[in-house]
A.B. asks: 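Provided herewith is a single structure, encoded as structure tokens, for subsequent inquiry.
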Amino acid sequence: MSTSTEESGRPQAAAVSPHADLSLLEVLRLGIVIIDGRGRIVLWNPATEEILGWPDSATVTRPLTDFLPAAAAAGIPAALRALLRRGAWRGVLPMRHINGSTVDVECRATLLRDPEGTPFFLANLVETERLRDIEKDLGALDTVFATSPIGIAVFDTDLRVVRINDALASLYGRTPERIIGRTVAEILPSRAAGEILDLQREVLRTGKPAVDVVALTADGRGAHSLSFSRLTDRTGRHLGISCVTLDITERREALAEMEQSRQRLSMLDDVGLALGDRLDVRRIAEALATILVPRFGDYGAVVLLRAVVDGGDLPSMERLTSSPMVQAGIAAKEHTPHVGRMMRVDTEVGFQRESVFDRVLTTGRPWLLDTSDETHPITFLDDPKVRAALDLGIHSMLVVPLRARGTILGLLVVSRSGERDPFSSEDLGLANEIAARASITLDNARLYARERDGALILQRSLLPQRIKEPPGVQVGYRYVPATTGTEAGGDWFDVIPLAGGRAAFAIGDVMGHGLSAAATMGRLRSAIVTLAHLDMPPGELLRRVNHAGEDINEGRDEPLMATGIYVRYDPSARECVIAKAGHVPPILITRDERTGLWTARPIDLPDGTPLGLAAPGFEEGRIPVPEGSILVLYTDGLIERRHESITDGINRLCSELSTVRGPLPSLDEICDRVVGELTPHNDADDIALLTVRLGGVPDDSIASWTFAAHRHAAGRARSEVRHTLHSWELGSLADPALLLVSELFTNALRYANGPIGVRMVRGETDLLVEVSDGQPDPPSVRHPALDDEGGRGLQLVSRTARRWGTRQGPIGKTVWFELPLPERP
């Protein structure tokens with residue numbers, strides 16, 4: 001009865017074989033035939049019957065030639081005579097099968113004699129075909145053993161070697177004769193032999209093959225791959241185990257090299273990913289050191305020239321070794337007091353002449369220190385950092401130059417300590433590749449910092465260096481540059497004091513970034529400041545600035561455009577006149593006296609065309625502003641977000657400004673809160689924000705009159721001015737003020753046809769006097785001859801007043817002058 005593999009450990013194929021109960025002789029079917037001296041058959045055994053099909057009853061007593069073809073039968077007498085002479089015969093004999101076919105049998109005949117000396121012939125018959133198959137199998141086995149480069153061995157059930165080929169014997173430096181009959185315990189070192197013996201016993205017991213078991217050689221420098229399987233005969237009896245051995249030393253070395261190459265490529269990829277999107281030198285140095293430790297070394301430092309860290313110009317080769325250097329990035333497998341003394345971020349370091357570090361800096365060639373003995377004479381032992389390195393057990397060090405665009409930026413230093421393998425030449429090549437990639441990133445970051453700082457310096461130099469606060473006006477502002485990008489923006493703002501206590505506020509944004517945008521911003525701002533002092537109406541001022549913008553764009557392939565707002569505030573009239581050129585609308589914060597709530601709303605104004613494009617003109621809006629209101633001017637960087645309309649951003653800003661009940665916080669607090677809440681991560685665009693608290697002029701500091709264009713009106717005007725100046729306790733200004741008012745009033749009577757207005761405003765330091773009429777043309781200063789009776793009025797005004805000027809109004813012109821107030825005791 002067959003037994004399953006699980007029950008007996010015997011392979012299942014042996015249990016079901018059709019020859020499982022047959023020996024080798026039975027499988028070969030060895031036929032025996034005995035022939036007497038006359039050539040007649042005396043014995044015909046059952047195996048012969050199986051081979052030829054003839055039963056013994058049909059063969060015994062018959063001549064052997066009856067069962068041979070005619071050609072073969074003719075040679076039988078000669079074969080018998082040869083047997084009688086030599087006693088043996090061997091050859092292939094064709095015989096007739098009972099079915100009429102011919103069967104070739106291998107025949108071995110021997111001469112026998114009975115006690116009376118009568119001769120008999122014993123013939124052993126084997127089917128030639130089956131015998132040839134077995135011979136082929138044996139020949140193939142012998143050939144495999146003899147010629148295979150793979151080591152092959154056969155062990156018996158006692159696990160002793162019964163056969164081994166030369167290939168396997170040579171792996172152990174012995175001949176097959178010295179190995180046959182021994183176990184692995186007698187061949188291999190005890191530790192390795194014990195593991196293999198246990199494995200052999202397991203294979204012999206279970207029948208489960210063990211494939212590709214790796215075992216180190218006796219010297220530990222090589223490795224073998226062992227595969228074991230159990231051997232059984234046709235009956236399933238265990239005969240022993242087979243062993244196939246491969247020398248995989250070269251394969252393992254190749255795989256190890258492939259793995260090292262893969263790890264090197266992986267490290268290079270990681271270095272590229274970690275450094276590729278960084279534009280800060282210190283962060284790049286820290287990231288580089290962190291990647292290398294502990295993956296590549298136990299300690300790492302990135303030592304850079306101070307100019308690289310600060311974004312300055314690099315020193316020449318002659319001044320290289322004397323230039324200060326900084327440890328910009330460090331990393332260690334463990335932090336100890338020794339590490340703390342040796343590795344400190346932002347610590348300046350110096351290198352002695354002829355040290356390894358000095359040589360790498362001056363020559364640009366990397367250096368590999370592979371033993372601690374080599375470290376002593378080459379480095380500078382007086383430096384405490386070197387002593388700390390020796391205390392850490394550093395035995396191998398790489399010093400690689402960081403070089404970009406033909407210029408040395410610093411050094412990359414990586415060390416190994418303890419039982420870690422020293423650096424190899426392949427490691428030095430990897431460090432060179434890492435340093436080359438990191439150097440480009442570091443130099444790009446240096447250039448970025450220099451270009452960005454230069455652009456920001458230019459931009460800030462073009463912005464107002466000090467914001468003036470006109471009388472009655474409080475100002476808060478913020479300028480926040482974008483945190484990404486190498487170029488400055490074109491945002492600007494300004495507060496411009498005007499005559500008579502009035503003020504102008506401007507804000508704008510040149511589209512785009514870069515030095516060109518910043519320079520254009522400076523030119524437009526200068527134009528606005530210059531025209532503002534000419535007291536132009538906002539619409540006219542933007543029209544002239546736009547004309548200047550057209551001149552700036554002349555010859556450009558892509559014109560520069562800018563948006564802007566110009567506001568003129570008159571505190572005495574509590575009114576703002578605003579013109580807008582394609583800019584986001586200003587916001588006015590006012591208080592509801594009934595509820596006490598502050599409400600922020602955008603001021604509705606005509607959009608206007610951006611500056612730099614052809615435009616017919618810019619419309620103005622007159623906005624009354626209660627005293628204490630806050631005007632908010634800003635650029636679109638404050639409110640603009642991706643996938644969101646500008647209207648949503650304006651509403652969000654108004655909501656943020658309308659969340660206060662009671663007194664408003666200071667303007668600086670408002671600016672900080674708005675910028676912090678609306679732009680927590682200002683990445684893409686600059687931000688300019690200007691907040692102005694609009695205060696009025698006290699009623700008792702303003703006086704105004706309107707007179708008909710009559711010849712007696714001049715006297716009435718002088719009388720009102722004199723009375724008001726005495727009531728303000730400014731009697732010392734009565735004479736010059738009356739003289740100038742008389743000149744301007746008389747001039748208006750001469751040319752104007754409508755009423756004439758006179759207004760006086762007492763400021764903190766000046767007295768403003770204005771004379772208005774309906775004549776649109778401004779007066780011009782004349783240069784009369786000595787005998788001319790007139791034409792000296794404006795010359796008198798120019799010499800007497802501290803400042804004077806004219807401006808156009810909605811229905812005429814205004815001539816004004818300022819007199820300084822007397823100093824108070």
Side-chain angles (χ1 to χ4, degrees), residues 470 473 492-509 524-525 527-550 561-590 601-627 629-636 650 690-692 694 696-697 757 759 770 772-778 805-816:
V473 173
W492 89 90
F493 61 90
D494 213 339
V495 177
I496 309 167
L498 300 178
R502 292 174 298 117
F505 315 113
I507 195 166
D509 181 5
L524 293 179
R525 175 178 169 265
I528 289 175
V529 172
T530 301
L531 295 175
H533 286 298
L534 297 179
D535 213 0
M536 287 187 177
E540 176 62 16
L541 183 142
L542 289 184
R543 186 186 70 80
R544 297 200 180 190
V545 171
N546 186 50
H547 181 67
E550 292 178 2
M561 294 185 295
T563 63
I565 291 180
Y566 181 76
V567 182
R568 190 176 66 188
Y569 172 59
D570 188 348
S572 61
R574 294 184 176 87
E575 180 183 71
C576 285
V577 182
I578 307 175
K580 185 173 68 166
H583 201 78
V584 288
I587 292 177
L588 186 65
I589 306 175
T590 57
R601 61 178 179 84
I603 299 176
D604 187 17
L605 295 169
D607 285 334
T609 305
L611 301 174
L613 300 178
F618 297 89
E619 299 184 36
E620 298 177 348
R622 293 182 176 272
I623 311 298
V625 289
E627 185 173 354
S629 301
I630 296 178
L631 181 67
V632 180
L633 305 176
Y634 54 96
T635 56
D636 56 6
I650 295 173
L690 177 64
T691 58
V692 183
L694 303 173
V697 177
R759 191 178 73 143
E770 298 177 343
S772 304
D773 59 52
Q775 182 67 26
D777 298 328
T806 65
R807 67 172 183 271
Q808 290 181 326
I811 56 174
K813 69 176 184 297
T814 298
V815 182
W816 57 269

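Owing to the predicted nature of the structure, the values given are computational and were not obtained by experimental measurement.
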A.B. asks: For A532 and Y566, work out which heavy atoms get closest and say how close.
C.D. replies: CB-OH, 3.3 Å
A.B. asks: Do the non-hydrogen side-chain atoms of W492 and I528 ever get within less than 4.5 Å of each other?
C.D. replies: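 The answer is yes, as the side chains (C-beta and beyond) meet within the 4.5 Å cut-off.
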A.B. asks: Can you tell me if CD on E575 sees more than 12 non-hydrogen neighbours from other groups inside 6.0 Å?
C.D. replies: yes
A.B. asks: Could you give the distance from CG (L631) to CG (L690), rounded to the nearest 0.5 Å?
C.D. replies: 7.5 Å
A.B. asks: Quick check: do E540 and L531 have side-chain heavy atoms less than 4.5 Å from each other?
C.D. replies: no
A.B. asks: Taking all heavy atoms of L605 and all of G621, pick out the closest pair and write down the distance.
C.D. replies: CD2-CA, 4.0 Å
A.B. asks: What's the separation between atom CZ in R525 and atom CD1 in I507, rounded to the nearest 0.5 Å?
C.D. replies: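 R525 atom CZ to I507 atom CD1 measures 12.5 Å (nearest 0.5 Å).
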A.B. asks: With rounding to the nearest 0.5 Å, note down the distance linking OG1 in T563 to CG in L611.
C.D. replies: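 Answer rounded to 0.5 Å: 7.5 Å.
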A.B. asks: Are any side-chain N or O atoms of H583 and backbone N or O atoms of Y634, one a donor and one an acceptor, separated by less than 3.5 Å?
C.D. replies: yes
A.B. asks: Does some side-chain heavy atom of P571 sit less than 4.5 Å from a side-chain heavy atom of V473?
C.D. replies: no
A.B. asks: Grab the two heavy atoms, one from N546 and one from L613, that are nearest each other, plus how far apart they are.
C.D. replies: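 Closest approach of N546 to L613: ND2-O, 2.8 Å.
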A.B. asks: Of the options V584, L588, I650, which is the one that meets P602 in a side chain to side chain contact (heavy atoms under 4.5 Å, CB included)?
C.D. replies: I650
A.B. asks: For a quick test of reading the model, state the closest non-hydrogen atom pair linking P586 to I565 and the distance between them.
C.D. replies: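 Closest pair (atom of P586, atom of I565, distance): CD-CD1, 3.5 Å.
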A.B. asks: Looking at side-chain heavy atoms only, is the closest gap between R574 and L694 below 4.5 Å?
C.D. replies: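 R574 does not reach L694 side chain to side chain.
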A.B. asks: Can you tell me which residue among D494, I496, V567 is in a side chain to side chain contact (heavy atoms under 4.5 Å, CB included) with F505?
C.D. replies: V567
A.B. asks: As an exercise, state the distance from CZ of R544 to OG1 of T530, rounded to the nearest 0.5 Å.
C.D. replies: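 Those atoms lie 12.0 Å apart.
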A.B. asks: Is it true that a side-chain atom of D607 and a backbone atom of K580 form a donor plus acceptor pair closer than 3.5 Å?
C.D. replies: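 No; judged by distance alone, with no hydrogens or angles, the pair does not exist.
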A.B. asks: Between the main-chain N or O of G539 and the side-chain N or O of E620, is there a donor-acceptor pair closer than 3.5 Å?
C.D. replies: yes
A.B. asks: Looking at every non-hydrogen atom in both residues, tell me the closest pair between V625 and Y569 and how far apart they are.
C.D. replies: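 Looking at all heavy atoms of both residues, the shortest contact is CG2-CE1, 3.7 Å.
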A.B. asks: Do I603 and P585 have side chains that approach each other closer than 4.5 Å (heavy atoms only, starting at C-beta)?
C.D. replies: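 No, too far: nothing below the 4.5 Å cut-off.
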A.B. asks: Testing the basics here: between Q775 and K813, what is the closest heavy-atom pair and its distance to 0.1 Å?
C.D. replies: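 Shortest heavy-atom contact: O-CG, 3.1 Å.
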A.B. asks: For the atom pair CD1 (I630) and OG1 (T590), what is the distance rounded to the nearest 0.5 Å?
C.D. replies: 10.0 Å
